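What follows is a short report on a single structure.
Counting convention: from 1, in listed order, for ligands and their atoms alike. Everything quoted here is computed from the prediction, not taken from an experiment. The basis for the numbers below is simple: all heavy atoms, side chains too, and nothing from hydrogens, waters or symmetry mates.
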Amino acid sequence: MSKASKVLRKPSSFMEIYKHKPGPEKDRTHYCPGCGHGIIHKLIAEALEDMEITERTVMISPVGCSVFLYYYFNTGNLQVAHGRAPAVATAASRANPDSVVISYQGDGDLAAIGGNNILQAANRGENIAVVFVNNAIYGMTGGQMAPTTLPGQKTTTSPYGRNPANEGYPLKMVEILNCLDAPTYLARTSLHDVPNMRKTRQAIRKAIQNVKDKKGFSLVEVLSMCPSQWRTDGPAAQKWILEKMIPTFPLGVVRDLSDEREPIARPVPVMEPTEVKRLLGLISDEEVAGASASRDFKRREVAPQHANPSIRVAGFGGQGVLSIGVALANVGMEYGYNVSWLPSYGPEMRGGTANCSVKIQEATVGAVEATEPTVVIAMNRPSMERFEKILVPGGLLIYNSTLIEIEPTRGDISVVAAPITKLADDLGNTKVQSMVAVGAYIGATGLFDLEDVVSMLPRLFPGKKELLDLNERAVRAGYDHVVAAARSRG
Ligand SMILES: Cc1ncc(C[n+]2csc(CCOP(=O)(O)OP(=O)(O)O)c2C)c(N)n1
């Protein structure tokens, strides 16, 4: 292709349209003009596309200006509390060692509130790539002093300039981490001109390649512009990096042990939930024996629209919404599917709203949130109003007709109405409405065998015999209702 006809396009690792971004401007990022974050995003996205690892990448969005990273990357995404990105990245990487986990952090996030987090993750040699965006200031919150603010630099909290006698010296994170034995790759680069952007590109690629090859902890510190909080413009910001930042933060690869390191092979511990409960003394040995009466869970033939479901369960806190998800995910796991369960709590536990996402699929689960569910189980009216909208066309809506007196509005989905709360009340205990919902789901989809699900109840909810019996009757009631209703419709 000649240079003139070269088509510039977004890498596929970026969302084509930033559909999760609120407001009308879904074709542009939220960053200020001249900000370095956009350039760094681009370098990461291009690397993911070229290495063909978008599908198994998990981006960790921090707190800071890049808090909305998940608007942009077409990868798995986790948004985390301030400074906790390395801890969450550790969990994501350990839980799925084949994932490529990238912790993206600002200097406030990584070097201040999360200073110990990064030290410990680096010291454990976690198999993660950290992209550390050092703009010498807290960008998002209005330009306060960061651990990397330069001596003499004016910020809103150092209006006379940072005074080392009072506020200490800038933290040089790459050099600090270089004291540790475990890290594989440590580099500092800059965005102050194009040749250095290219070096940044190489360094980011190296760090990501290391994670792909399971070579352990790799970190790239990128000196990056923040014209808004430095109260300047883009070109002046780049000049400031060159003249002021680089003398304090020298550029270069400080450590590269990529070729020497063997791929990490950590055992992935697998422990049955029942075993955990037994160790903690929450259930007796007899209950364990009852719980582990094992069956042979054989996968069932299901209609294509019910295979690999991405499920959103929602309702009031106290309706057992999270338990519905736990039950479905656990049963799915028993059939050998890859599953995930992600709870989302409302402001209060009881009386507030709660929802969870469940994925049950052949392929490894990347993103755990069911943002475009194929199934919605709505236990109350606000949940139906909120989640009916996001069902995929052709999706399945199961709703609790006892509490939801309105009809669904979509014409392009299938709908199963079941009086879930009433069926539970008829059994004498509203609480078992969650198990009625589980029964309704398997009745509507046929994904699981009813007897398989029933056999798992002691393991899922170990406890008193009466409660177990009640749960079993509840699952059967939900199932029978939905199956009978389908039959009577013909
Ligand atoms: C626990 C907690 N403490 C404080 C804050 C406020 N806060 C939000 S962003 C931020 C600093 C962000 O600076 P940095 O990590 O350098 O990222 P930038 O915004 O410059 O990209 C702070 C202190 C918060 N959100 N949560």
If we only count heavy atoms from C-beta on, is the R188 to V254 side-chain gap below 4.5 Å? no

Are Y399 and P408 packed together at the side-chain level, in the sense that at least one heavy-atom pair is separated by less than 4.5 angstrom? yes

Between the CE atom in M384 and the CD1 atom in I398, the distance rounded to the nearest 0.5 Å is 13.0 Å

Please check if the side chain of H192 supplies one atom and the backbone of A237 the other of a donor-acceptor pair under 3.5 Å. no

Of all protein heavy atoms, the one nearest atom 15 (O) of ligand 1 is D109 N, 2.8 Å

Under 4.0 Å from a heavy atom of G64: which atoms of ligand 1 are those, numbered in the order shown and with their elements? 9 (S), 12 (C), 17 (O), 19 (O)

Based purely on interatomic distance, does S66 place a nitrogen or oxygen under 3.5 Å from a nitrogen or oxygen of ligand 1? no

For atom 9 (S) of ligand 1, which candidate among Q105, R84, M140, Q229 provides the closest heavy atom? M140

Nearest 0.5 Å, please: how far is SG in C356 from CD1 in I324? 7.5 Å

According to the interplanar angle, ranging from 0 to 90°, do the rings of Y31 and H41 count as parallel (below 30°), tilted (30 to 60°) or perpendicular (above 60°)? perpendicular

Atom 13 (O) of ligand 1 has as its nearest protein heavy atom Y138 CA, 3.6 Å

Could you find the nearest protein heavy atom to atom 22 (C) of ligand 1 and give me its residue, atom name and distance? H82 NE2, 3.2 Å

Separation between CZ of F249 and CD of E221, rounded to the nearest 0.5 Å: 6.0 Å

Can you report which non-hydrogen protein atom sits closest to atom 20 (O) of ligand 1, along with the distance? G139 N, 2.8 Å

Atoms in ligand 1 flagged as close to I137, the criterion being non-hydrogen separation under 4.0 Å: 16 (O), 20 (O)

At less than 4.0 angstrom from any non-hydrogen atom of D107, what atoms of ligand 1 do you find? 14 (P), 15 (O), 16 (O)

Just to check, does T141 reach to within less than 4.0 Å of ligand 1 when the distance is taken from its heavy atoms? yes

Among non-hydrogen protein atoms, atom 1 (C) of ligand 1 lies closest to I113 CD1, 3.8 Å

Where is the nearest protein heavy atom to atom 14 (P) of ligand 1: which residue, which atom, and how far? G108 N, 3.4 Å

Would you give the length of the straight line joining atom CD of Q105 to atom CZ of R84, rounded to the nearest 0.5 angstrom? 10.5 Å

Show the numbers, then the answer: is there a side chain to side chain donor-acceptor pair (under 3.5 Å) between T155 and R162? CA-CA 8 Å; T155 69; R162 180 178 189 161; over 6 Å; no

Quick check: do M225 and L191 have side-chain heavy atoms less than 4.5 Å from each other? yes

Counting non-hydrogen protein atoms only, what is the nearest one to atom 25 (N) of ligand 1? Give residue, atom name and distance. V63 CG1, 3.3 Å

Output the list of atoms in ligand 1 that are nearer than 4.0 Å to some heavy atom of H37, sorted by atom number. 21 (O)

How does N135 reach ligand 1, if at all, at less than 4.0 Å between non-hydrogen atoms: by side chain, backbone, both, or neither? side chain

